[in-house]
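Worksheet: one structure, shown below.
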Amino acid sequence: MFDHPDFDAHEKVLFVNDAQTGLRAIIAVHSTALGAAAGGCRLWSYAADADALTDALRLSRGMSYKNAMADLPMGGGKSVILGPVATDRREAVLEAFGRAVDTLGGQYITAEDVGVSVADMQIVARTTKHVSGLSAEAGKSGGDPSPFTARGVRVGIESAVRARLGRSELAGLSVAVQGLGHVGMYLCQELHEMGANLVVADINPARVSEAQIRFGAIGVSVDEILTQAVDVVAPCALGGTITEYAARYIRASVVAGAANNQLLTPEAGRILGERGVLYAPDYVINAGGIIMVQGEISGDNDADLIRARVDAIGPRLDAIFAKAKSDNVITNEVADSMARAKLDAARRMRARIAA
Ligand code: NAI
């Protein structure tokens, strides 16, 4: 475990096996240096258990970096429930998951992620209070964080387009959106309202039809979406879709989307950089959801205030793009070193306080 390539000094990794309900889950707490480790719960059927562990570790570290870069007083963690979960067992499994979260006594705060809904989190909330992403009250943020994530991605695309194409508006720009789930569909709506032209793909044809009808999007196959002749590619499906192969054949000038861990390998990022494709580091551009969740956790959740905080993703990316250009370093490496510096400073501060 400690030699796992993605272990990266995790503070704690909890493996849960609940014989009564059949729950099998992994809760990874990467860092609590900046506060309680916050990050969603993913329910997914992995090809192998080892893939679930890798996913949990990579996503958890990503949350530490994401929260640090968004200047949130929260650490990073993530959980995965190993699917499939039969419909008639789902409620019991989610309650058992809540009990597992509760054993960490608030070190980890869960929320929804891929495969888990607001309604699921209401069930988790029966057995632990360390849960967010519950239903919103009127005039407050809360519930599904996806609209805020999509807003942040749109703001991030604007920043990337300014930096790479020298354009200040999205009108007339073409964007290929990979994945039309919670975030992808809201993102299409935002981009459509700003006059962008959309090319879309999803493994679910009904979602493609919806985007065609609502936004006049052009639907293409999932194998072709990343290599469309467009200005921007926005990966909004699962992580790891920017393989080294894809990085060589992407024709867009910008890659900027919501998915976590978009680059399958560090080499994929280097190839994009060498080819002059500007990559918006995923955990910086997709922080809108966690910014909303943090507002909900702290009770500081006026929707206008949260939107203003999400919009700060734009200037944050402007600074990363400027530093990458001036230092001739790729954008994800700039973001990683900024995030690590923030975490190291928080760890040192905590050690000083403890001493
Ligand atoms: P979702 O599960 O609602 O949507 C994912 C969509 O991608 C589904 O419509 C699915 O059919 C489609 N898809 C899966 N494989 C595909 C493929 N190979 N090609 C094309 N489409 C494919 O998930 P959600 O919430 O929209 O999240 C999308 C991504 O953004 C995930 O990677 C998630 O971790 C990340 N993210 C989501 C946040 C949120 O607020 N929901 C926050 C930050 C990151």
Side-chain angles (χ1 to χ4, degrees), residues 38-45 55-56 58-63 65-67 69-70 72 76 78-80 83 110-121 132-133 136 141-156 176-190 198-211 217 219-228 233-243 246 255-264 280-296 306 310 313:
C41 169
R42 175 170 292 192
L43 196 164
W44 195 252
S45 299
D55 212 23
R58 294 191 71 194
L59 290 164
S60 162
R61 180 190 46 205
M63 288 309 300
Y65 285 16
K66 184 186 304 201
N67 294 337
M69 287 303 285
L72 298 174
K78 199 88 181 185
S79 52
V80 297
T110 195
E112 53 274 79
D113 189 61
V114 176
V116 175
S117 65
V118 173
D120 290 330
M121 277 301 133
S132 56
S141 64
D144 179 11
S146 308
F148 293 89
T149 305
R151 182 184 178 98
V153 173
R154 189 260 299 157
V155 166
V177 180
Q178 180 192 43
L180 299 168
H182 288 92
V183 182
M185 201 65 93
Y186 282 118
L187 177 64
C188 284
Q189 184 177 334
E190 295 237 359
L198 300 171
V199 183
V200 299
D202 196 292
I203 48 174
N204 181 346
R207 301 204 142 257
V208 175
S209 305
E210 184 182 337
V220 297
S221 86
V222 293
D223 299 330
E224 294 169 340
I225 187 73
L226 293 177
T227 51
Q228 290 297 303
V233 163
C236 297
L238 291 185
T241 61
I242 311 293
T243 60
V255 173
N260 285 311
N261 299 326
Q262 287 168 37
L263 302 172
L264 186 63
D282 44 19
Y283 57 81
V284 181
I285 192 171
N286 72 11
I290 196 70
I291 291 169
M292 185 220 91
V293 166
Q294 195 274 331
E296 189 190 337
I306 300 292
V310 171
I313 288 172

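Along the sequence shown, residues carry numbers from 1. In each ligand, atom 1 is the first atom listed, and ligand 1 is the first ligand listed.
- Ligand 1 has no N or O atom lying under 3.5 Å from any N or O atom of Asn286, backbone or side chain.
- Contact annotation: for Ala258 versus ligand 1, heavy atoms closer than 4.0 Å belong to both the backbone and the side chain.
- From the protein, the heavy atom lying nearest to atom 19 (N) of ligand 1 is Val222 CG1, 3.5 Å.
- The protein non-hydrogen atom at the shortest distance from atom 25 (O) of ligand 1 is His182 CB, 3.6 Å.
- Counting heavy atoms closer than 4.0 Å to ligand 1, residue Asn260 contributes atoms from both its backbone and its side chain.
- Glu190 places no side-chain N or O within 3.5 Å of a backbone atom of Tyr186 that could act as its donor or acceptor partner.
- For the residue pair Val153 and Gly257, the shortest heavy atom distance occurs at CG1-CA, 4.0 Å.
- Closest approach of Ala70 and Ala287 over heavy atoms only: CB-CB, 4.2 Å.
- Minimum heavy-atom separation, Met121 to Glu112: CG-N, 3.8 Å.
- Using a 3.5 Å distance cut-off with no hydrogens or angles, the side chains of Ser146 and Asp144 do pair a donor with an acceptor.
- For the ligand labelled ligand 1, residue Lys66 lies inside the 4.0 Å heavy-atom shell.
- Among Val114, Asn260, Asp55, the single residue meeting the side chain to side chain contact (heavy atoms under 4.5 Å, CB included) criterion with Leu238 is Val114.
- Counting the atoms of ligand 1 from 1 in the order shown, those under 4.0 Å from a heavy atom of Ala201 are 20 (C), 21 (N).
- Here the closest non-hydrogen pair linking Ile313 and Val284 is CG2-O, 3.7 Å.
- Here the closest heavy-atom approach between residue Val222 and residue Ile225 is recorded as O-CG2, 3.5 Å.
- Atom 23 (O) of ligand 1 has as its closest protein heavy atom Val114 CG2, 3.8 Å.
- Counting heavy atoms under 4.0 Å from ligand 1, residue Asp202 touches it through both backbone and side chain.
- Looking at Ser117, Gly115, Gly181 and measuring to atom 4 (O) of ligand 1, the nearest heavy atom belongs to Gly181.
- Of all heavy-atom pairs between Pro235 and Ile242, the closest is CG-CD1, 4.0 Å.
- At a heavy-atom distance under 4.0 Å, only side-chain atoms of Asp113, from C-beta outward, approach ligand 1.
- The single protein non-hydrogen atom nearest to atom 22 (C) of ligand 1 is Ala237 CB, 3.6 Å, given as residue, atom name and distance.
- Looking from atom 26 (O) of ligand 1 to the surrounding protein, the closest heavy atom is Val183 N, 2.8 Å.
- Of all the heavy atoms of Arg42, the ones lying under 4.0 Å from any atom of ligand 1 belong exclusively to the side chain.
- The closest protein non-hydrogen atom to atom 28 (C) of ligand 1 is Cys236 O, 3.2 Å.
- Scanning the protein heavy atoms around atom 42 (C) of ligand 1, the nearest turns out to be Thr149 OG1, 3.4 Å.
- Ranking the protein heavy atoms by distance from atom 18 (N) of ligand 1 puts Ile203 CG2, 4.2 Å first.
- Every side-chain contact (heavy atoms from CB on, under 4.5 Å) that Ala211 has, sequence neighbours left out, goes to Leu180, Met185, Val200, Phe215, Ala217.
- The backbone N or O of Arg42 sits nowhere less than 3.5 Å from a side-chain atom of Asp113 that would complete a donor-acceptor pair.
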